[in-house]
Number of protein chains: 2
Amino acid sequence: MKTREKIIAAAIELFNEQGTKAATTNHIAAAAGISPGNLYYHFRNKEDIIRAIFEQMDAYGLEQYQLIVNEVRPGTVESMERTFRMIQEYNWRYRFFKRELTALIMGDPLLRELFQRTHRNLLLLVRQSNEFAVSMGVLKPMSENEMALFSEEFWLLALFWLNYLEVGGEEVNDETLQRGIDLLRNTIKPRLTDEALIELAKRARGPASPG
Amino acid sequence: MKTREKIIAAAIELFNEQGTKAATTNHIAAAAGISPGNLYYHFRNKEDIIRAIFEQMDAYGLEQYQLIVNEVRPGTVESMERTFRMIQEYNWRYRFFKRELTALIMGDPLLRELFQRTHRNLLLLVRQSNEFAVSMGVLKPMSENEMALFSEEFWLLALFWLNYLEVGGEEVNDETLQRGIDLLRNTIKPRLTDEALIELAKRARGPASPG
DNA sequence: GTCTATAAGCGGATAGAC
DNA sequence: GTCTATCCGCTTATAGAC
């Protein structure tokens with residue numbers, strides 16, 4: 001592992017545990033097993049580290065999304081649930097970032113630009129995915145406006161479910177994650193077509209046979 | 001205005017503008033028009049100030065909620081929308097708090113206790129309000145589980161709509177606030193009884209006549 | 001690339017006069 | 001209650017040797 005990567009890995013861990021304020025560059029250097037001076041050879045300052053982490057996040061998220069697209073048929077309920085679950089895992093992995101998001105992007109215009117670009121793209125992706133689900137006969141047709149609101153709701157729930165658990169003092173585990181999915185399902189349900197509902201019921205009884 | 005109140009007012013403003021990290025006790029004292037030493041006469045430290053702000057928030061929120069209960073009939077769609085709008089106004093007034101919530105309660109166990117108690121109570125309030133709406137024939141009856149999920153969803157949307165706007169780089173104004181309400185409505189709609197839908201349509205045409 | 005040493009500055013917090 | 005003065009400790013960041 002290269003020094004630069006060691007720094008990033010140590011920083012992610014410390015930021016997640018203590019927040020970006022408490023985790024000083026000295027702490028990060030110590031955790032990475034290098035000297036403070038060396039850290040400054042690789043990064044100009046803390047913000048620079050955070051930006052590097054964001055770039056890693058971004059790439060990781062895209063990669064994970066591709067995995068889903070390759071594995072399950074897009075536009076299905078299963079694909080929506082897998083996406084939701086993936087986003088939670090992603091948010092957990094970089095949980096300091098979402099926790100401190102507003103503060104971070106308030107203090108670093110460059111980071112803000114990067115983040116919001118990704119944010120917009122992902123909302124668009126969610127929406128296209130939903131539109132595809134309509135065309136597949138999984139979701140009932142809806143107006144332009146309804147589609148926009150529904151997509152935004154899905155995206156908001158996915159973004160903040162982890163935060164919601166955290167601020168409520170609930171542990172993040174399989175059970176609470178599943179509740180997020182149940183909540184999502186509860187929202188989607190009235191919008192599913194009859195065929196999709198039947199398919200869903202089948203899947204609930206036992207893992208579906210392929211095809 | 002008493003010095004203690006001046007400090008709190010200045011702190012809220014600076015925290016909202018710059019975050020709790022950038023706003024040092026020295027800055028707060030300067031903004032309040034007093035000396036740093038004097039600030040420490042009234043508060044033991046920064047955390048102490050934040051806790052005092054939280055207590056003010058709590059009282060303010062309860063007061064605002066009472067106003068709604070007194071003005072509009074509980075268990076109606078209008079009451080839900082008013083509540084949502086109130087929460088947004090509240091979240092905006094103390095926006096630093098929600099922005100940095102997880103970080104703040106991670107660093108101050110006492111504050112965590114205070115916050116989570118309120119958090120739980122409010123979720124309960126939302127749920128009771130929804131149950132009342134069912135008993136009033138506004139919401140369709142639903143299972144225990146569905147009621148829990150639906151209430152949690154309402155509460156999550158109310159909690160995070162402002163954050164959602166902020167991280168997306170959207171201004172907080174009447175239009176974006178209204179979108180939050182539209183989103184909420186979109187979620188509630190399939191759960192409304194036929195009578196409630198008729199009532200809603202009436203209200204949309206013109207402000208309803210009383211009774 | 002990596003280290004040690006250290007400068008420079010800031011924020012938190014207290015003492016003591018008024 | 002309020003001020004001024006000040007101290008301590010820590011963090012960031014750099015310089016210069018290896």
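Since we're looking at a predicted model, the values are computed, not measured. Labels below follow one simple rule: chain letters A, B, ... track the order of the sequence lines, proteins then strands, and each chain is numbered from 1.
For C:dA13, the OP1/OP2 oxygens have a side-chain nitrogen or oxygen of B:Y40 closer than 4.0 Å. Not one side-chain nitrogen or oxygen of A:T3 sits closer than 4.0 Å to the OP1 or OP2 atom of C:dG1.
Note: NZ (B:K2) to C1' (D:dG1) measures 13 Å, nearest angstrom. Computed from coordinates, the A:Q18 CD to D:dT11 C1' distance equals 14 Å when rounded to whole Å. Protein atom NZ of A:K21 is 10 Å distant from nucleotide atom C1' of C:dG12, rounded to whole Å. One interatomic measurement links the two molecules: CG of B:D48 to P of C:dG12, which rounds to 14 Å at whole-angstrom precision. Spacing between atom CD1 of B:I28 and atom C1' of D:dT2 amounts to 18 Å, rounded to whole angstrom units. If you measure from atom CG of A:L39 to atom C1' of D:dT14, you get 13 Å, rounded to the nearest angstrom. Per the geometry, CZ belonging to B:F43 stands 15 Å off P belonging to C:dG12, to the nearest Å. If you measure from atom OH of B:Y41 to atom P of D:dA5, you get 22 Å, rounded to the nearest angstrom.
Contact annotation for A:T24: backbone-only contact, meaning every heavy-atom pair under 4.0 Å involves sugar-phosphate atoms and none involves a base.
Here the side chain of B:N45 is nearest to one of D:dC3, C:dA13, C:dC3, namely C:dA13. Taking only side-chain atoms of B:N38, from C-beta outward, the nucleotide of D:dG1, D:dA13, C:dC3 with the closest atom is D:dG1. The listed nucleotides are C:dT2, D:dT4, D:dT12; the one nearest the side chain of A:S35 is C:dT2. Of the candidate nucleotides C:dG1, D:dT4, C:dT4, C:dG1 has the atom lying nearest to any side-chain atom of A:H42.
Judged purely by distance below 3.5 Å, without hydrogens or angles, the side chains of A:N173 and A:T176 pair a donor atom with an acceptor atom. Side-chain polar atoms of B:Y94 and B:Q56 form a donor-acceptor pair below 3.5 angstrom. The closest side-chain donor-acceptor pair between A:E100 and A:T20 falls under 3.5 angstrom.
Both A:I34 and B:T20 sit near DNA chain C, but only A:I34 has its closest nucleotide nearer the 5' end. Residues A:G33 and B:N26 each lie close to DNA chain C; by heavy-atom proximity, the contact nearer the 5' end of the strand is made by A:G33.
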- request: I would like to know whether A:E89 and A:R85 meet salt bridge (charged side-chain N to carboxylate O under 4.0 Å, His left out); could you show each step before the answer?
  value: CA-CA 6 Å; A:E89 192 272 333; A:R85 204 183 274 275; over 6 Å; no

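The aromatic rings of B:F160 and A:Y164 stand perpendicular to each other, their planes meeting at an angle above 60°, with 30° marking the opposite boundary.
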